[in-house]
Amino acid sequence: MSDENAAESSSEPLDSPEDLEASSEERASIRAQRLERVGQLRASGVDPYPYRFERSSDIGPVRDEWGTIEAGTETGVVVRLAGRLMLKREQGRLTFGQLRDRTGEIQLFVSAGVLGKEFFGEFNQLDRGDWVGVEGEIMATKKGELSVKVSDWVLLSKALRPLPDKWKGLADVDARYRQRYVDLTVNPDARRVFETRFAAVDAIRRVLRERGYLEVETPILNLQQGGATARPFITHYNALTLDTYLRIALELPLKRLLVGGLDRVFEIGRVFRNEGIDTRHNPEFTMLESYEAFADYSDMMELVEVLVSSAAVAANGTTKVELRGTSVDLAPPWRRVTMVELIKEVVGVDINPEMELSETRAILDGLGLEWKDSWGPGRCTHEVYDELVESKVMEPTIVFDHPRETSPLAKPHRSDPSLVERFEVIVDGRELANAYSELNDPVEQLARFQEEAANKAAGDPESGDVDLDYIRALEYGMPPAGGLGIGIDRLVMILAAVESIREVILFPTLRPEHGLTDEDFSAGPTV
RNA sequence: GCCUCUGUGGCCAAGUUGGUUAAGGCAGCGGACUUUUAAUCCGACGAUCGUGGGUUCGACCCCCACCGGAGGCACCA
């Protein structure tokens with residue numbers, strides 16, 4: 001830019017002339033400079049936002065193939081690469097850049113001698129953050145850095161806003177979540193976490209596919225609430241003049257598919273629960289649910305071990321993870337213990353759903369836990385487990401045989417009527433997965449639904465409805481089946497060893513941002 | 001919803017017994033430099049200290065309210 005005063009002069013036509021907006025004009029000064037540059041480019045016939053660029057390869061494969069060549073080597077091999085310019089080091093008649101795409105980074109060696117003074121000068125006007133395409137020979141510099149000796153280049157997209165500090169990155173967590181695109185650009189850890197996530201999900205799909213499971217999609221908008229106990233989001237469907245629930249679980253539609261003969265199905269999908277946000281909860285989160293006919297919960301124990309350990313290996317190359325200073329191995333087999341035994345072991349008390357209610361209440365009182373009148377012995381037992389046991393279990397553990405009372409969709413235990421055939425997987429003190437032998441007796445299922453509906457009518461917003469169509473489906477006959485649910489976000493938290501669920505969700509739920517106004521986006525002279 | 005902490009230029013970040021022009025770094029701008037690796041060196045610029053009130057001779061600093069964020073509690077996976 002020949003006139004360095006231009007961007008600073010308030011008489012430039014970059015912003016509204018109102019005095020009140022002086023501060024916003026200052027704030028936009030880097031933007032204003034870049035908008036001016038866009039104008040210059042257009043004036044000289046250069047499109048700052050062209051349509052496509054033909055690449056010969058991603059950057060990663062180039063590194064893989066040539067990364068070991070000796071310092072000073074010129075290969076004679078010409079490549080065409082594209083990416084974001086992450087760094088630029090000008091050095092007189094020589095400029096070094098760092099070009100990055102999703103697969104890697106490579107240095108650009110840009111010299112006035114090769115490009116000519118004018119085209120070289122244009123390159124130096126690129127900003128960190130711009131997208132560029134380059135063509136040039138693969139070489140290694142005197143210091144041995146693999147580089148592309150740029151013989152031609154083109155701007156692919158001009159960035160109007162500057163990237164955060166090239167060394168410190170973006171530290172403000174609010175900005176990291178709101179502007180994940182910036183976080184992903186400058187914070188390698190953010191990229192690492194999401195690579196972990198997608199590798200894990202990919203591995204889960206692969207294992208299930210190899211086992212003959214079919215991936216399906218079921219409705220998110222539901223007329224009834226069911227499949228779990230949770231407060232739902234309610235929305236309104238205008239065309240039918242109906243309030244609908246966003247799903248809180250995937251369970252009931254998938255089991256209808258078992259009735260229909262799709263005997264191995266799974267869905268990986270978003271579910272919504274109208275509850276608080278904290279380090280382990282986001283109102284929308286991702287569940288895997290899978291159902292396998294002719295299997296029971298024992299088969300699900302084997303399946304969940306394989307799914308989780310495969311995901312770990314795919315994401316990290318190992319089943320070992322370091323969680324808050326403790327090494328945890330996800331390799332099967334995991335410990336298997338009944339809920340009643342584990343309570344005895346951890347808390348030192350004997351409590352089970354076959355006890356008299358008065359006795360279980362006395363146990364809770366003795367432990368300093370509160371109980372409600374509506375709770376039976378099973379719920380009391382579960383309470384001890386939830387409050388005093390779960391958070392103490394670090395190693396992957398299958399906790400099986402839950403009280404019947406707290407599991408309305410699970411099949412009664414084949415040898416103990418006070419229990420159901422259900423298990424949860426605990427890792428690092430948190431529930432990671434949940435599975436049953438699925439209840440397929442329509443008469444019993446209806447009775448359990450009716451209990452729930454009574455609770456809902458009595459004011460419990462987390463209880464579900466009587467889903468008569470689901471009962472009707474069961475009356476056509478659902479094969480015996482094992483079902484498994486895994487909280488994908490929780491799994492990724494473990495695999496990536498992060499403490500907040502927001503770190504594993506690309507765009508976590510946040511309150512609305514204030515202070516972002518049209519004035520922050522004045523178009524300047526370019527439109 | 002409640003409690004605690006927190007909010008300083010595009011980014012990172014100093015700044016309490018409240019005291020005149022609010023450190024420094026990165027980025028950006030001007031200049032030098034053909035082998036750099038967060039390049040380096042020189043120079044000039046950039047902030048109504050989240051918002052609105054209040055206390056005070058004087059507020060980034062103390063008080064109140066509001067907005068955003070973090071952690072914890074409650075609820076849940």
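The chains referred to below are lettered A, B, ... by the order of the sequence lines, with proteins before strands, and numbering in each begins at 1.
Comparing G25(B) with G9(B), their C1' atoms are spaced 13 Å from each other, to the whole Å. Rounded to a whole angstrom, the distance from the P atom of C66(B) to that of C26(B) is 41 Å. A23(B) and U4(B): their P atoms are spaced 34 Å apart (whole Å). A gap of 16 Å separates the C1' atoms of A27(B) and A47(B), to the nearest Å. If you take atom C1' in G52(B) and the same atom in G7(B), they sit 16 Å apart, rounded to whole Å. On the P atoms, C63(B) is 23 Å away from A22(B), given to the nearest whole Å. Remark: the separation of the P atoms in C41(B) and G24(B) is 16 Å, to the nearest Å. Going from the P atom of A14(B) to that of A38(B) covers 23 Å, rounded to whole Å.
Applying side-chain hydrogen bond (donor to acceptor under 3.5 Å, both in side chains) to Asp489(A) and the options Arg197(A), Arg502(A), Arg280(A) leaves one that passes, Arg197(A). The side-chain hydrogen bond (donor to acceptor under 3.5 Å, both in side chains) test with Ser407(A) is passed by exactly one of His382(A), Arg448(A), Arg422(A): Arg422(A).
With Arg270(A) contributing its side chain and Glu284(A) its backbone, the two residues share no donor-acceptor pair below 3.5 Å. In this structure a side-chain-to-backbone donor-acceptor pair under 3.5 Å is present from Asp465(A) to Gln225(A). Here the side chain of Arg84(A) pairs a donor or acceptor atom with the backbone of Gly129(A) at under 3.5 angstrom. Side-chain N or O atoms of Arg192(A) include one that pairs as donor or acceptor with a backbone N or O of Ala496(A) at under 3.5 Å.
For the segment residues 175-184 of chain A, residues with any heavy atom less than 4.0 angstrom from an atom of RNA chain B are, sorted by number, Tyr177(A), Arg178(A).
For the pair Lys166(A) and C26(B), the criterion of a side-chain N or O lying under 4.0 Å from OP1 or OP2 is not met.
Within the shown strands, nothing qualifies as a pairing partner of A22(B) under the Watson-Crick or G-U definition with both distances less than 3.5 Å. Pairing partner, C49(B): none, since no Watson-Crick or wobble contact has both distances short of 3.5 Å. With both pairing distances under 3.5 Å, C62(B) is matched to G54(B) as a Watson-Crick or G-U wobble pair.
Side-chain proximity of Ser500(A) to G71(B), A77(B), G69(B): nearest is G71(B). When the nucleotides C12(B), A74(B), A39(B) are ranked by their closest atom to the side chain of Gln91(A), A39(B) comes out on top. The Thr279(A) side chain lies nearest to G72(B) when the options are A38(B), A70(B), G72(B). The side chain of Lys142(A) sits closest to U35(B) out of A77(B), U35(B), A27(B). In the set G25(B), A77(B), U34(B), the nucleotide with an atom closest to the side chain of Glu431(A) is A77(B). The listed nucleotides are C12(B), U35(B), A38(B); the one nearest the side chain of Trp167(A) is A38(B). Among the nucleotides G28(B), C33(B), A38(B), the one closest to the side chain of Gln33(A) is G28(B). In the set U35(B), U34(B), G69(B), the nucleotide with an atom closest to the side chain of Val173(A) is G69(B). Checked against A74(B), A77(B), A27(B), the side chain of Pro162(A) finds its nearest nucleotide in A27(B). Side chain of Leu170(A), nearest nucleotide from C75(B), C11(B), U35(B): C11(B).
Between the CZ atom of Phe96(A) and the P atom of C33(B) there is a distance of 16 Å, given to the nearest Å. Across the protein-nucleic acid pair, Arg31(A) atom CZ and A27(B) atom C1' stand 17 Å apart, rounded to whole Å. Whole-Å rounding puts the Gln40(A) CD to C29(B) C1' distance at 13 Å. As a whole-Å value, the separation of Glu370(A) CD from C73(B) C1' is 14 Å. The CD1 atom of Ile106(A) sits 14 Å away from the C1' atom of U37(B) (whole-angstrom rounding). The distance from atom CD of Glu90(A) to atom C1' of C29(B) is 12 Å, rounded to the nearest whole Å. Distance CG (Asp172(A)) to P (C49(B)): 18 Å, rounded to an integer number of Å.
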(request) Applying ring-ring contact (aromatic ring centres under 6.0 Å, His included), run through Tyr245(A) and Phe233(A) and close with a yes or a no. (result) CA-CA 6 Å; Tyr245(A) 298 110; Phe233(A) 283 94; over 10 Å; no

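Here Phe285(A) lies parallel enough and close enough to stack on the base of A77(B), with planes under 30° and ring centres under 5.5 Å apart.
By the neighbour-count criterion of 12 heavy atoms within 6.0 Å, atom CZ of Arg324(A) is densely surrounded, having more than that number from other residues, nucleotides or ligands. Residue-environment remark: CZ (Arg430(A)) exceeds the threshold of 12 foreign heavy atoms within 6.0 Å.
Annotation: cation-pi pair Arg161(A)/Phe521(A) present, NZ/CZ under 6.0 Å from the ring centroid and within 45° of its normal.
The base of G28(B) does not come close enough to the side chain of Asp127(A) for any donor and acceptor atom to sit less than 3.5 Å apart.
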